[in-house]
Amino acid sequence: MAKSYWLMKSEPDAYPWEQLVREGTGIWDGVRNHTAKLNLKAMQVGDEALFYHSNIGKECVGIMRVTETSFPDPTADEGSPWVVVRVEPVRALNHPVTLAAIKDDPKLADMELIRQSRLSVGRVTPEEWKHILKKSETAER
DNA sequence: GCCAACGTTGGC
DNA sequence: GCCAACGTTGGC
């Protein structure tokens, strides 16, 4: 199966990129939204995801890789439908790609991130992925 | 099954 | 601090 791309949000107050890097691996817990849950369930080992800092920063800061497909969220009640995936950091982006930069870019302005701003785990198309990575090579601010 | 009220998330 | 978007809950 072809690799899929994702974008996962975290408030840096709660779980910043730096913590994932420091710990080397982590589970993406706390998702309590059914659309996001379906996305987690669709993830395959080897899929890659952008780490987005919401609220503070409002920018994509790094790339991570899925290392384990979804399993029940240990922070949720027994029998609840919520799941997590395991991820590991791949690398930080050379330059963060800000929400403002994404909104300003016609190629990216239609991303799920923009259309459904509250969705914490969203799909990214291969085209959007490539474009964001290219953007991250050069400073925008 | 509809819809108003309310809570949460996240941008501004 | 405010507001828009969206999900959930509860009355009917």
Side-chain angles (χ1 to χ4, degrees), chain A residues 2-141:
Chain A
K3 189 197 284 184
S4 297
Y5 299 102
W6 310 91
L7 182 145
M8 298 160 90
K9 290 186 191 177
S10 179
E11 295 193 30
D13 274 353
Y15 188 68
W17 165 253
E18 290 75 19
Q19 186 177 344
L20 178 62
V21 170
R22 194 181 333 123
E23 294 172 356
T25 179
I27 59 166
W28 206 266
D29 63 17
V31 170
R32 296 293 182 271
N33 169 284
H34 290 285
T35 307
K37 178 200 70 179
L38 288 176
N39 285 331
L40 288 175
K41 286 191 159 190
M43 290 184 190
Q44 298 294 320
V45 170
D47 281 2
E48 293 189 304
L50 288 163
F51 195 119
Y52 175 84
H53 276 167
S54 63
N55 259 316
I56 303 165
K58 285 170 288 186
E59 56 194 12
C60 304
V61 292
I63 298 171
M64 51 196 169
R65 182 189 298 119
V66 176
T67 59
E68 190 177 345
T69 52
S70 63
F71 56 95
D73 187 338
T75 70
D77 293 338
E78 187 85 13
S80 75
W82 308 117
V83 298
V84 299
V85 294
R86 180 166 290 282
V87 293
E88 67 181 12
V90 175
R91 66 177 176 89
L93 297 179
N94 288 351
H95 301 281
V97 177
T98 65
L99 181 65
I102 289 172
K103 278 187 161 176
D104 278 349
D105 192 322
K107 287 206 185 76
L108 299 174
D110 198 36
M111 281 181 67
E112 206 165 28
L113 172 72
I114 311 296
R115 294 204 324 270
Q116 207 177 333
S117 66
R118 282 183 52 198
L119 185 61
S120 60
V121 180
R123 215 176 249 283
V124 176
T125 70
E127 291 75 26
E128 290 162 351
W129 180 269
K130 240 187 290 180
H131 199 65
I132 287 177
L133 289 207
K134 204 169 127 200
K135 255 181 148 44
S136 73
E137 298 304 315
T138 52
E140 288 261 354
R141 292 183 292 177

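By convention in this document, chain letters (A, B, ...) are assigned in the order of the sequence lines, proteins followed by strands, and residues within each chain are numbered from 1. Every heavy atom of this structure was used, including side-chain atoms; hydrogens, water molecules and symmetry mates were not.
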Quick one: salt bridge (charged side-chain N to carboxylate O under 4.0 Å, His left out) pairs with a partner in residues 22-49 of chain A, sequence neighbours left out? Lys3(A)-Glu48(A), Arg32(A)-Asp73(A)
Listing request: all salt bridge (charged side-chain N to carboxylate O under 4.0 Å, His left out) pairs with a residue in residues 88-109 of chain A, at least two apart in sequence or in separate chains. Arg65(A)-Glu88(A), Asp105(A)-Lys135(A)
Excluding sequence neighbours, so at least two apart, what forms salt bridge (charged side-chain N to carboxylate O under 4.0 Å, His left out) with Glu68(A)? Arg86(A)
Taking any atom under 4.0 angstrom from a heavy atom of chain A, which nucleotides of DNA chain C are the first and last to qualify, 5' to 3'? dA5(C) to dT8(C)
Residues which pass salt bridge (charged side-chain N to carboxylate O under 4.0 Å, His left out) with Arg118(A), listed by chain and number, not counting sequence neighbours: none
All pairs passing ring pair (Phe, Tyr, Trp, His ring centres under 6.0 Å) where residues 41-72 of chain A contributes a residue, at least two apart: Trp17(A)-Phe51(A), Trp28(A)-Phe51(A), Phe51(A)-His53(A)
Counting any heavy atom closer than 4.0 Å, what does Leu119(A) reach on the DNA or RNA strands: base, sugar-phosphate only, or nothing? nothing
